[in-house]
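In what follows, a structure is listed as structure tokens, so that the remarks can point back to it.
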Amino acid sequence: DAGVIQSPRHEVTEMGQEVTLRCKPISGHNSLFWYRQTMMRGLELLIYFNNNVPIDDSGMPEDRFSAKMPNASFSTLKIQPSEPRDSAVYFCASRPTSGTGLIEQYFGPGTRLTVT
Amino acid sequence: GDSVTQMEGPVTLSEEAFLTINCTYTATGYPSLFWYVQYPGEGLQLLLKATKADDKGSNKGFEATYRKETTSFHLEKGSVQVSDSAVYFCALSDQTGANNLFFGTGTRLTVIP
């Protein structure tokens with residue numbers, strides 16, 4: 001299995017630009033999570049989906065952030081407009097189908113975002 | 001609410017030294033507990049887990065025992081290697097149907113030859 005795939009691995013953009021981060025979860029996993037990691041705040045859960053439906057987006061910092069999951073194999077996290085304080089590593093994670101007893105999450109390699 | 005308190009780092013050890021990274025938790029009910037490891041430039045990887053009291057999770061020489069009486073899940077390894085240098089995160093699953101994870105702040109371990 002290829003694991004969770006994220007793209008791009010690195011993104012450098014200017015303040016005010018739109019940024020789109022992409023994630024392909026592990027096939028067969030029905031839950032997907034977006035996290036942000038910074039030195040100051042550590043690992044923060046932004047939003048998670050169950051069966052493609054957003055369940056809890058209370059961690060999304062502002063309306064500038066939005067996430068979608070149009071199908072079971074693809075999700076996006078968009079920031080529009082981006083600001084320097086959005087600079088962080090963004091991780092996507094997926095979890096096996098509920099009812100299997102497996103609740104650990106599998107993380108992608110992350111996207112390092114730098115907003116100048 | 002549910003939370004995890006993790007030993008602050010950084011921790012620097014010589015190769016073959018004994019490692020302990022402390023982790024305590026606050027939760028209602030009986031959460032599952034996890035240790036994740038993050039190697040430089042990579043995402044988090046599950047290192048080990050325990051799903052009920054007195055369970056011991058183990059992997060790659062690392063161990064942690066779920067202690068309900070002390071609400072702890074300390075990570076230990078008898079002899080660390082340079083390749084163990086990474087950031088270690090303690091986490092618990094919440095007890096709602098969501099089973100989401102609450103992570104500690106992470107502990108950076110550096111092992112020197």
Side-chain angles (χ1 to χ4, degrees), chain A residues 1-10 21 23-26 29-51 53-59 88-112, chain B residues 1-10 21 23 25 27 29-52 55 57-60 62 64 66 73 86-108:
Chain A
D1 196 321
V4 176
I5 298 172
Q6 290 186 248
S7 64
R9 292 295 309 274
H10 302 274
L21 311 181
C23 175
K24 176 178 169 53
I26 293 173
H29 287 192
N30 72 337
S31 296
L32 183 141
F33 304 79
W34 282 102
Y35 290 89
R36 178 172 67 176
Q37 186 180 41
T38 61
M39 289 293 292
M40 291 297 294
R41 301 172 70 93
L43 199 62
E44 303 172 277
L45 176 64
L46 300 178
I47 185 172
Y48 82 92
F49 295 83
N50 214 34
N51 293 319
V53 176
I55 302 301
D56 184 357
D57 65 354
S58 60
V89 181
Y90 291 81
F91 289 104
C92 176
S94 68
R95 186 176 69 200
T97 302
S98 57
T100 62
L102 301 172
I103 59 175
E104 56 264 33
Q105 296 178 18
Y106 295 79
F107 282 74
T111 296
R112 181 175 295 278
Chain B
D2 295 356
S3 66
V4 171
T5 301
Q6 190 173 338
M7 173 179 168
E8 296 243 351
I21 300 178
C23 172
Y25 67 90
Y30 304 96
S32 293
L33 301 172
F34 305 84
W35 277 100
Y36 278 81
V37 58
Q38 184 179 27
Y39 298 104
E42 299 183 13
L44 279 71
Q45 302 174 25
L46 179 66
L47 180 60
L48 53 84
K49 68 177 181 181
T51 58
K52 61 182 187 296
D55 268 4
S58 62
N59 186 25
K60 299 182 180 179
F62 291 89
Y66 189 159
F73 193 56
V87 180
Y88 292 82
F89 293 88
C90 185
L92 67 79
S93 67
D94 69 17
Q95 292 299 284
T96 69
N99 281 315
N100 289 338
L101 295 179
F102 292 90
F103 286 91
T105 53
T107 301
R108 180 176 298 278

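To find a chain, count down the sequence lines: A is the first, B the second, and so on, and within it residues start at 1.
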A:Arg9: partners by salt bridge (Lys or Arg N to Asp or Glu O under 4.0 Å), with sequence neighbours left out: none
Can you say whether B:Phe102 sits under 4.5 Å from chain A via the side chain, the backbone, both, or neither, judging by heavy atoms? neither
Between B:Gln38 and chain A, with a heavy-atom cut-off of 4.5 Å, which part of the residue counts as in contact: side chain, backbone, both or neither? side chain
If one checks every heavy atom of B:Leu46 against chain A at 4.5 Å, the contacting part turns out to be side chain
Would you call the rings of B:Tyr36 and B:Phe34 parallel, tilted or perpendicular, taking 30° and 60° as the class edges? tilted
Derivation and outcome, side-chain contact (heavy atoms from CB on, under 4.5 Å), residues B:Phe103 and B:Gln6: CA-CA 9 Å; B:Phe103 286 91; B:Gln6 190 173 338; over 6 Å; no
Return the set of residues passing salt bridge (Lys or Arg N to Asp or Glu O under 4.0 Å) with A:Glu44 (not counting sequence neighbours), or none when no residue passes. A:Arg36, A:Arg41
